[in-house]
Number of protein chains: 2
Amino acid sequence: MGCTHRAVPTGGYSDWVETVERLIRSTQELLWERGYVGTSPKAIQQAADAGQGSMYHHFSGKAELAKAAIERSGAELRSAAEEQFAGDGSATERITQYLRRDRDVLKGCRMGRLTSDPDVMTDPVLRAPVDETFQWIRSRLTEIIAEGKQNKEYPAGLDPAKTAATIAAVLQGGYVLARAANSPEPFDQAIEGLIDLLGAK
Amino acid sequence: MGCTHRAVPTGGYSDWVETVERLIRSTQELLWERGYVGTSPKAIQQAADAGQGSMYHHFSGKAELAKAAIERSGAELRSAAEEQFAGDGSATERITQYLRRDRDVLKGCRMGRLTSDPDVMTDPVLRAPVDETFQWIRSRLTEIIAEGKQNKEYPAGLDPAKTAATIAAVLQGGYVLARAANSPEPFDQAIEGLIDLLGAK
DNA sequence: GTCTATACCCAGATAGAC
DNA sequence: GTCTATCTGGGTATAGAC
């Protein structure tokens, strides 16, 4: 991978996009929908419109491909979150924007769903990018809450790290509730309930 | 199933426990660890120490067995939660006890993990007990919070349904964060952060 | 009720031709 | 780089004997 050095455009797995790129994107998508155990090399090949030999030429197998896909998804998630985190509003505003960001709730979280995949959690190489992504989100939220405390947005007694974990958990748990209910409603309720708790001070 | 009518004891899949019972319990355990797609009939048979023919005699197949196992797990979860919910403390005390209950955090939630199983979410029969379990938990929490409001434990502005969703979400999301980190710490942080937010009023 | 045999297809990968 | 052939094993179930 990375053998060729052309720039890669976004949007669609158009024919001319390199095979490696299509393989990674397809794997990302399938991991999201079906998880690691539920995703077969054959399914990846079909989604990527690549042959058996092609896939095994670029990747040693399913695990290596999954590693690339999970790392890619982690980078994308961080970058999407940073869009809200790096805004210029108050801490409360930025956190609220992050929480209320438009999301495909019923699809769930690409990273979060991997935590219920035994083969991913068992393999340190596959778990690492999942771990790092959530560590990053929590530490980023911790920083923002600490800022908010300095600006007197939050009470002095508020623990930034704990609160950050709570916020991250509400998002992940919100997805779970929404999928169970097959409706985004519980997700929205959980988010708004949290925003109220954070704002009520 | 239920063909015989002897009482069934708890604890261990002892030899004399009926085959059906061992099959259901083994399936519960495997669904928890590996999910639906990751669990094969053969694995169930081995865990239950039952033969191929035996399993297919009692159940039409994997799906029917999973249905029984998920329903059983749902009943157990509700019953475990009701132990805290039905206590005689204040609303805050009962919710705190529920949140701080001893849990095998790194195993995650048996119900919650099923929401990332595409074959479970797709099949209405399998999703129903998952849905009902979370609906029940949320509505039970809603009731308790409403009680708490009447007793002036919570501010009049607090929305019981939203807050209940937030609480349920923190638990589910806490599991996700803990498994990603391979440590119970983020779970504990998320829980304590929530308790602070609920108590700070 | 439980056993063994059988069946068919898929998972995951390797080998060597082109 | 990509293709097709091939391989071993497992998933999921049915059939019929005991």
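So you know, we letter chains A, B, ... as the sequences are listed, proteins then strands, and number each from 1.
- For C:dG1, the OP1/OP2 oxygens have no side-chain nitrogen or oxygen of B:T19 closer than 4.0 Å.
- In this entry the distance linking NZ of B:K62 with C1' of D:dG10 reads 12 Å, nearest Å.
- Counting any heavy atom pair closer than 4.0 Å across all strands shown, A:G51 reaches sugar-phosphate atoms only and no base atom.
- Near DNA chain C, meaning a heavy atom under 4.0 Å away, the residues from residues 31-41 of chain A are A:T39, A:S40, A:P41.
- Distance, B:E64 CD to D:dT14 P: 12 Å, rounded to whole Å.
- Ion pairing between A:E82 and A:R140 holds under the 4.0 Å rule for side-chain N and carboxylate O.
- Proximity of a side-chain donor or acceptor of A:K149 to a complementary backbone N or O of A:L158 within less than 3.5 Å is detected.
- Per the geometry, CG belonging to B:D119 stands 15 Å off P belonging to D:dG11, to the nearest Å.
- Residues A:A43 and A:S60 both approach DNA chain C. Their nearest nucleotides, taken by heavy-atom distance, put A:A43 toward the 5′ side.
- Regarding A:I44, its CD1 atom lies at a distance of 16 Å from the P atom of C:dC10, rounded to whole Å.
- Atom CG of A:L30 is separated from atom P of C:dG12 by 12 Å (rounded to the nearest Å).
- In this entry the distance linking CE of B:M55 with P of D:dG11 reads 12 Å, nearest Å.
- B:E83 and B:R101 are not joined by a salt bridge, as no carboxylate oxygen comes within less than 4.0 angstrom of a charged side-chain nitrogen.
- Salt bridge absent: B:D123 and B:R127 never bring a charged side-chain N and a carboxylate O closer than 4.0 Å.
- One interatomic measurement links the two molecules: NE2 of A:H57 to P of D:dT4, which rounds to 17 Å at whole-angstrom precision.
- Pairs of residues two or more places apart, or lying in two chains, that qualify as salt bridge (Lys or Arg N to Asp or Glu O under 4.0 Å) and include a residue from residues 175-194 of chain A are A:R100-A:E192.
- Checking D:dT2, D:dT14, C:dT14 against every side-chain atom of B:Y56, the shortest atom distance belongs to D:dT14.
- Residues A:E71 and A:K67 are paired through a salt bridge, judged by an N-O separation under 4.0 Å between the basic side chain and the carboxylate.
- The cationic atom of B:R103 (NZ for Lys, CZ for Arg) lies less than 6.0 Å from the six-membered ring centre of B:Y98 and within 45° of the ring axis.
- Side-chain nitrogen and oxygen atoms of B:H58 include at least one within less than 4.0 Å of the OP1 or OP2 phosphate oxygen of C:dT2.
- When each of C:dC3, C:dA13, D:dT2 is scored by its nearest atom to the side-chain atoms of B:S54, the top-ranked nucleotide is C:dC3.
- Along DNA chain C, the nucleotide nearest B:Q52 and the nucleotide nearest A:G53 are compared for position; the residue whose nucleotide lies closer to the 5' end is B:Q52.
- The side chain of A:K42 places no N or O atom within less than 4.0 Å of a non-bridging phosphate oxygen (OP1 or OP2) of C:dC10.
- Computed from coordinates, the A:Q45 CD to D:dT4 P distance equals 12 Å when rounded to whole Å.
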